[in-house]
Amino acid sequence: MIPRRAKSWLIISLALCLFAGGVWITLGYNRSISSELPVLAPESGKPPAKTGAPAPPESVQSPTAEVYSKRVVEYHMDVKLNEGNKLQGTQTITWTHPGKKTVNELYFHMYPNAFSSADTTFMKESGGKLRGDVMPTDGYGSMKFTDMQTEDGLSLLHRMQYVQPDDGNIKDKTLIKVRLPKPVKGGESITIRTTFEVSLPKIFARMGKTDDFVMAGQWFPKLSAYEPVGRRGRTLEGWNLHQYHGNSEFYADFGIYSVRIRVPETYKVAATGFPTQQAALKNGEKVYQFYADDVHDFAWAASPDFVYAEEPFSAPNVPGVRIKLYLDPAHQDLKERYLFAAKAALTNYSKWFGPYPYATLSIVVPPKAANGAGGMEYPTLITAFGADDTTPGYDLERTVVHEIGHQYFYGMVASNEFEEAWLDEGFTSYAEDKLMEQEYGLIPNLPVQSGLITSPAPLTQPSWKFDSQNQYASNVYTRGKLVLLGIEQQVGAKTMERILSTYVKKYRFKHPATGDFQKVVEQVTRTSWADYFDQYVYRNGMADFAVEKINVSSIEKDGKKMYESSVTIVKKGSDFPKVPVRITFEDGHTVTKHWDGREERVTYKLTYTSPVTWAMTDPLYDIVLENRHMNNFLRTGLDEQVKSRWNMSATKLIEAIFGGLSW
């Protein structure tokens, strides 16, 4: 999922001037700082608009014999979109116990119930807001089982109980326990048949219905993930149980999905996987049959207004995929931009992280009024943001390449987004930046991004433990990405490529944890990274290297007037190797030192014909994990009280500005 950035040009410009303008002028600083915002993007990166023949009918495909995952669960579902906002569905679910311990209950996620009232855990934590979208006052939705039976026809409705393992909120009904009449032993399977109803909310937080557009994300009762010993470092097997939280996304076991979707006859449907037959008109409705395997979720979108386009595509690590576009009419002339971004993403990600194993990739562009459904990833299906601009900037491409990046870290690697969201969002953001720079010339403004991290937190804490959506986003997305860049700075780009390639290929379809990634880093580099991970991943570390003081005195040496200058650098944050220090003298002479950053402080003593006039740590802003740049620079002779007041006032102002920016 990509956060919707809402940054003000005026505020950012003011903040940059406050913390860096004077220093840059003094240094004659002329390094290009390219913004990620679309108005500065090079036009040459955009493919020219094309006119083409009308799109052919949607292709149909058949399952292959290849098996990539353990396929713990198998869903056969039939869902009908009724008039209004109702879904009626049936399920036949077969779950194969992946562990050894006898199980006496099943657990289902009932995600639509997050929107059933203002008292749910999701609504209380989010305040009814997500990424700038607000829950409509009359837009509530819900889900319920109307029947559940065993293969023998035994009803299980009376064996259900809503549970709230995270916060004890009895008004939250997003997780339900079903007591089984017969235990399931390790390796055994159980089949359950259910019927259920969903009242779709007005579109908010990834799902719902607005006008004629439907986004069915997290729309069906979904089995929780069961973790055997060894997965994600578990020493005792068991269910991974969490409610739906304001910041959390999702986690589930891999499986097979065969889904029949029935909609009004004017609708077109986009879905995870591929259709196995052409849509058929029956009794005034259109019937689709979709299939997907080795995925851990199934989503679909429907609208009578979709403008459909499809292109086959292949690359060295993409043996053959059909890219399918379901465009809002406002963006039908932007087809080539969507296709170019998708092809660039598939080509590069498959080169960096391994083959894309699926036969399809679908891109849904919601209408402007359904923006709450935009910017989200599902297996083989992504959503762009709502079509609110017919000439969008590079947010269009950025969203597409970000969500396609999720096909690897959310989709195939399948980390636990409840508990370790950075393993998806941070890694995807890192890959997104690499691709946007390579394909579109957009260089991320890392000093500003690190400055946005005003409240760092451990990356491995559960998503609902972050204080706010802003703190969640600035850590899970930005700080997570910067942690990876910090590793890259120390090992080099080529070794970092090997680290990530090894990690993704080793843990495809295996649900790794942060500790698994750390082991890969250490195996590839043959070096311990315990201190780095302890400070920056498992704790809330950020780098902070400051010029503490400058002392200058004049001396006579060999009959000449000389100056003895001492510059003291102090470490106020976490460790980081090779801290550059620039020291400039009155006559313009400059000396650059490199400090290993191991001790609390270091003092450089210099004798020269001219006095030191100023010093600065990290003059090119290369330390990506430093978020407090105000104390990097010090001029000789600045009164200590004035220096302190200026640094504190400017820092507080910038932190207040950055902290108030929404994602």
Side-chain angles (χ1 to χ4, degrees), residues 69-79 87 89-114 121 142-166 168 170 172-198 218-229 231-232 234 236-245 248 250-259 293 295-298 414 416-419 511:
S69 71
K70 292 187 176 180
R71 300 185 178 180
V72 172
V73 63
E74 183 170 343
Y75 292 88
H76 292 263
M77 297 189 284
D78 186 306
V79 60
L87 298 180
T90 63
Q91 292 177 311
T92 299
I93 309 166
T94 299
W95 178 72
T96 301
H97 189 345
K100 297 179 179 180
K101 180 181 176 182
T102 298
V103 165
N104 294 294
E105 61 275 321
L106 300 178
Y107 292 85
F108 289 84
H109 291 286
M110 308 286 280
Y111 288 116
N113 285 337
T121 294
S142 62
M143 166 188 279
K144 66 179 180 180
F145 283 114
T146 55
D147 192 22
M148 179 182 286
Q149 296 182 7
T150 66
E151 276 190 298
D152 298 329
L154 179 65
S155 175
L156 301 179
L157 285 178
H158 64 291
R159 292 173 170 265
M160 296 180 180
Q161 177 188 357
Y162 289 105
V163 292
Q164 302 83 22
D166 298 327
I170 62 173
D172 187 81
K173 297 182 178 181
T174 57
L175 185 65
I176 195 168
K177 177 173 72 174
V178 180
R179 291 181 293 108
L180 299 175
K182 179 182 178 182
V184 182
K185 297 179 181 180
E188 292 183 345
S189 297
I190 182 173
T191 297
I192 300 292
R193 295 187 175 91
T194 85
T195 61
F196 62 94
E197 293 180 356
V198 179
Q218 310 303 328
W219 57 278
F220 61 95
K222 186 161 76 170
L223 274 170
S224 298
Y226 190 93
E227 298 184 320
V229 171
R231 184 194 295 184
R232 300 181 56 252
R234 284 193 75 140
L236 294 174
E237 67 179 75
W239 295 100
N240 187 269
L241 301 175
H242 297 296
Q243 299 154 244
Y244 193 7
H245 292 273
S248 70
F250 314 105
Y251 176 50
D253 281 315
F254 286 99
I256 295 172
Y257 290 81
S258 178
V259 184
D293 53 31
V295 297
H296 50 73
D297 196 9
F298 186 97
N416 185 334
E417 292 187 288
F418 288 116
E419 299 178 11
H511 312 286

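- Across all non-hydrogen atoms, the minimal contact from K173 to M110 is O-CB, 3.6 Å.
- Residues passing the side chain to side chain contact (heavy atoms under 4.5 Å, CB included) test with K144, sequence neighbours excluded: T146, E197.
- Residues passing the side chain to side chain contact (heavy atoms under 4.5 Å, CB included) test with P181, sequence neighbours excluded: T150, L154, L156, R159.
- Take P228 and apply the side chain to side chain contact (heavy atoms under 4.5 Å, CB included) test, not counting sequence neighbours, and it matches R231.
- Atom CE of M77 sits about 6.5 Å away from atom OH of Y257, to the nearest 0.5 Å.
- Between T90 and F196, the shortest heavy-atom contact is N-CE2, 3.9 Å.
- With sequence neighbours excluded, the residues forming a side chain to side chain contact (heavy atoms under 4.5 Å, CB included) with T96 are S189, listed by chain and number.
- Rounding to the nearest 0.5 Å places NZ of K182 at 11.5 Å from OG1 of T102.
- Under a 3.5 Å cut-off, the side chain of D297 and the backbone N or O of A252 do not form any donor-acceptor pair.
- In this structure, NZ in K101 is found 15.5 Å from NZ in K185, a value given to the nearest 0.5 Å.
- Partners of E417 by side-chain hydrogen bond (donor to acceptor under 3.5 Å, both in side chains), not counting sequence neighbours: none found.
- For the pair F220/V79, no side-chain contact is recorded, criterion being any heavy-atom separation below 4.5 Å from C-beta on.
- A search for side-chain hydrogen bond (donor to acceptor under 3.5 Å, both in side chains) contacts involving H242 returns D166, E419, not counting sequence neighbours.
- Of the N and O atoms on the side chains of Y226 and E237, at least one donor lies less than 3.5 Å from an acceptor on the other residue.
- Listed by chain and residue number, H109, Y244, F250 satisfy the ring pair (Phe, Tyr, Trp, His ring centres under 6.0 Å) test with Y111 (two or more places apart in sequence, or in another chain).
- One finds the NE2 atom of H76 at 7.0 Å from the CD1 atom of I256 (value rounded to the nearest 0.5 Å).
- Applying the side-chain contact (heavy atoms from CB on, under 4.5 Å) test between L223 and each of V178, V73, V72, D253 identifies V73 as the sole match.
- Applying the ring pair (Phe, Tyr, Trp, His ring centres under 6.0 Å) rule to F108 yields the partners F145; only residues at least two apart in sequence or on another chain are considered.
- With sequence neighbours excluded, no residue forms a salt bridge (Lys or Arg N to Asp or Glu O under 4.0 Å) with D172.
- A donor-acceptor contact under 3.5 angstrom links the side chains of T94 and T191, judged on distance only.
- In this model, no donor atom of one side chain and acceptor atom of the other lie less than 3.5 Å apart for T174 and Q243.
- Here H511 contributes atom NE2 and R232 contributes atom CZ; the two are 10.0 Å apart, rounded to the nearest 0.5 Å.
- Outside the 6.0 Å centre-distance limit, the rings of H296 and Y251 are not counted as a close aromatic pair.
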Report task. Start with the C-alpha gap between K70 and F254, add the side-chain angles, then the distance that decides, and say whether side-chain contact (heavy atoms from CB on, under 4.5 Å) holds. Result -> CA-CA 7 Å; K70 292 187 176 180; F254 286 99; over 6 Å; no

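- Remark: N104 engages no residue in a side-chain hydrogen bond (donor to acceptor under 3.5 Å, both in side chains) (not counting sequence neighbours).
- Put simply, the side chain of T195 gets close to the backbone of D147: a donor and an acceptor are under 3.5 Å apart.
- From I176, atom CD1 reaches atom CE of M160 across 5.0 Å, with rounding to the nearest 0.5 Å.
- In this structure H245 satisfies the ring pair (Phe, Tyr, Trp, His ring centres under 6.0 Å) test together with W464, sequence neighbours excluded.
- Partners of N416 under the side-chain hydrogen bond (donor to acceptor under 3.5 Å, both in side chains) rule, at least two apart in sequence or in another chain, are N240.
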**Report entry** Evaluation steps, side-chain contact (heavy atoms from CB on, under 4.5 Å), between I192 and W95
**Finding:** CA-CA 8 Å; I192 300 292; W95 178 72; over 6 Å; no

